[in-house]
Protein chains: 2
Amino acid sequence: MDGQGIESTLVSVDVLALRFDPEARSVLLGVAPRAADPFAGDLALPGVLLGRGERLRDAALRAVTGKLGVPGRAVTATGQLATFDEPSRDPRGPTLSIALWATLDPARLEGSAEWSPLDAVPPLAFDHDRIVADCRPLLADRLWRDVPFTAGLLGPEFTTAQALDVTESLTGDRPYPANLGRTMDRVPGLTRTTRHAAALPKGGRPPLVWRWDGDR
Amino acid sequence: MDGQGIESTLVSVDVLALRFDPEARSVLLGVAPRAADPFAGDLALPGVLLGRGERLRDAALRAVTGKLGVPGRAVTATGQLATFDEPSRDPRGPTLSIALWATLDPARLEGSAEWSPLDAVPPLAFDHDRIVADCRPLLADRLWRDVPFTAGLLGPEFTTAQALDVTESLTGDRPYPANLGRTMDRVPGLTRTTRHAAALPKGGRPPLVWRWDGDR
DNA sequence: GTAATAGTGTCTCTCAGACACTATTTT
DNA sequence: AAAATAGTGTCTGAGAGACACTATTAC
């Protein structure tokens with residue numbers, strides 16, 4: 001808090017941009033090939049250097065729009081995960097990385113982004129493999145507990161089937177529909193409607209529709 | 001991750017330095033009057049500007065030794081809490097604050113530190129009131145779950161009575177001894193000895209001694 | 001003895017998970 | 001009908017919390 005002359009650390013914000021793809025029935029992580037020199041061409045998490053006075057959330061938006069080509073209003077929610085401070089994590093010199101999550105509305109995806117299932121993320125530049133590995137349990141822990149995160153990922157309305165898919169993607173195993181239904185009954189702001197969605201491609205009973213109440 | 005010319009943000013590391021005082025029967029937070037200009041003389045969390053390439057833990061040690069006058073080897077464990085990015089939190093200009101916790105061995109305390117019970121922290125400089133308020137539930141959540149944190153706070157050996165005091169300080173209410181004993185039985189690495197400590201000043205049955213096994 | 005505190009043993013409630021059985025769809 | 005999937009109801013086991021009762025100290 002003093003020491004005026006100390007050369008300060010660079011801070012980058014790296015984003016775990018998550019999107020639920022109902023077709024693929026899984027949660028996808030946005031990665032993009034690097035344009036500039038260190039690791040040029042390799043896949044990496046979208047990240048930017050934090051500008052002076054910039055909010056973390058704003059930097060995350062810049063990263064997602066700039067590196068993934070996703071329009072800013074597709075970002076439904078953001079939040080902090082953890083900070084990585086290994087001095088050698090960037091070959092250009094010591095850089096702090098603050099990892100954030102961002103949930104994206106399944107909207108149009110332009111740009112050169114690739115979307116990778118969370119359980120099959122390809123090797124990434126820098127220490128991004130480690131960031132993904134360390135943050136995955138944090139993300140799984142947020143589901144059904146952190147309402148903005150969950151709502152951001154699933155959208156305003158979703159079916160039991162989609163809830164099962166998202167849970168399986170994040171935690172690694174698929175809950176029984178009955179048990180997940182009880183979990184969802186306890187999530188504040190989430191209500192079970194009486195409507196049923198269209199049946200699934202492979203047949204089966206049509207799943208119930210769930211909806212967030214309150215706003216929208 | 002590119003944008004070479006962007007002026008980078010300053011990063012400060014602010015530490016919630018915790019120490020259990022068996023006399024006061026409570027967990028104390030280390031605060032110190034500020035020496036330099038913004039808020040000079042006011043109490044604040046110990047904090048330093050993060051040096052280029054410096055690890056967060058090392059910066060936390062610098063803060064605790066420099067601002068609280070506590071010897072570095074008194075720091076038994078450290079860890080991350082959260083990052084605060086309000087651009088106006090420092091009147092000198094936008095500064096990121098990364099909050100860490102540090103546990104201190106009840107050792108000699110030199111310097112101009114003041115120790116304040118966690119539930120009666122005086123008004124602090126900058127946004128440190130907010131940092132303490134936001135981080136307190138995170139600290140309470142770590143107790144009995146995060147072994148380095150818990151062991152760092154209580155030391156290698158402690159009594160049931162001290163465990164009750166620490167729990168009350170962090171969570172705000174005092175558990176039943178019986179229930180806390182069961183909680184502690186489930187903490188990995190913590191074992192109930194057969195020894196009893198000396199009785200307490202006001203009388204009462206002498207409490208059991210607990211010990212961390214494994215290393216020391 | 002009384003007050004104060006800790007330890008033992010129950011009891012209840014909530015919650016997660018497993019699963020049998022039923023319901024509703026595609027093929 | 002068979003396969004696939006979702007929904008209802010039930011059971012069990014872990015864990016938190018409350019509390020009666022006992023144990024051991026200071027006064």
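Keep in mind that what you see is a predicted model, and the values were worked out from it rather than measured. Below, chain A is the first sequence line, B the second, and so on; all start at residue 1. Reckoned from all heavy atoms, side chains included, excluding hydrogens, waters and symmetry mates.
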Determine, stepwise, if the pair Asp146(A) / Trp101(A) fulfils side-chain contact (heavy atoms from CB on, under 4.5 Å). CA-CA 12 Å; Asp146(A) 181 334; Trp101(A) 57 262; 3.9 Å; yes
Tell me the interatomic distance from Trp210(B), atom CH2, to dA6(C), atom C1', rounded to whole angstroms. 12 Å
Return the value, rounded to whole Å, for the distance between atom CG of Asn179(A) and atom C1' of dG7(D). 12 Å
Salt bridge check, Asp42(A) against Arg34(A): does any charged N sit closer than 4.0 Å to a carboxylate O? no
Contact summary for Pro33(B) and Gly41(B), nearest pair of heavy atoms: CB-O, 3.7 Å
Roughly how many Å is it from CG in Leu180(B) to C1' in dG17(D), rounded to a whole number? 12 Å
Asp185(B) CG to dG9(C) P, straight-line distance once rounded to whole Å: 12 Å
Which atom names give the shortest non-hydrogen contact between Pro46(A) and Gly30(A), and what distance separates them? CD-O, 3.3 Å
With distance as the sole criterion, do the side chain of Arg182(A) and the base of dT10(D) form a donor-acceptor contact below 3.5 Å? yes
Show your working on side-chain contact (heavy atoms from CB on, under 4.5 Å) between Leu45(B) and Phe126(B) and close with a plain yes or no. CA-CA 9 Å; Leu45(B) 294 176; Phe126(B) 301 105; over 6 Å; no
Nucleotide dT22(C), atom P - distance to OH of Tyr176(A) in whole Å: 18 Å
Between P on dT25(D) and CZ on Arg195(B), what's the gap in Å once rounded to a whole number? 16 Å
How close or far is atom P of dC15(C) from atom CH2 of Trp144(A), stated in whole angstroms? 17 Å
Pull out every residue in residues 160-175 of chain B that has a heavy atom closer than 4.0 Å to any atom of DNA chain D, ordered by number, or say none. none
Looking at Arg174(A) and Asp165(A), does any basic side-chain N land under 4.0 Å from a carboxylate oxygen? yes
Would you mind checking if Arg25(A) and Asp21(A) are paired as a salt bridge, meaning a charged N to carboxylate O distance below 4.0 Å? no
In whole angstrom, give the distance that lies between atom NE2 of His196(B) and atom P of dT5(C). 18 Å
Whether Arg145(A) contacts dC15(C) is assessed here as follows: a side-chain N or O lying under 4.0 Å from the phosphate OP1 or OP2. Is that the case? no
Salt bridge or not between Glu86(B) and Arg130(B)? Use side-chain N to carboxylate O under 4.0 Å. yes
Pairing of Arg89(A) and Asp14(A) as salt bridge, 4.0 angstrom limit: yes
Check nucleotides 25-27 of chain C against the protein and report each pair of N or O atoms closer than 3.5 Å, with its distance, or say if there are none.
from: dT25(C); atom 1: O2; to: Gly204(A); atom 2: N; distance (Å): 2.8

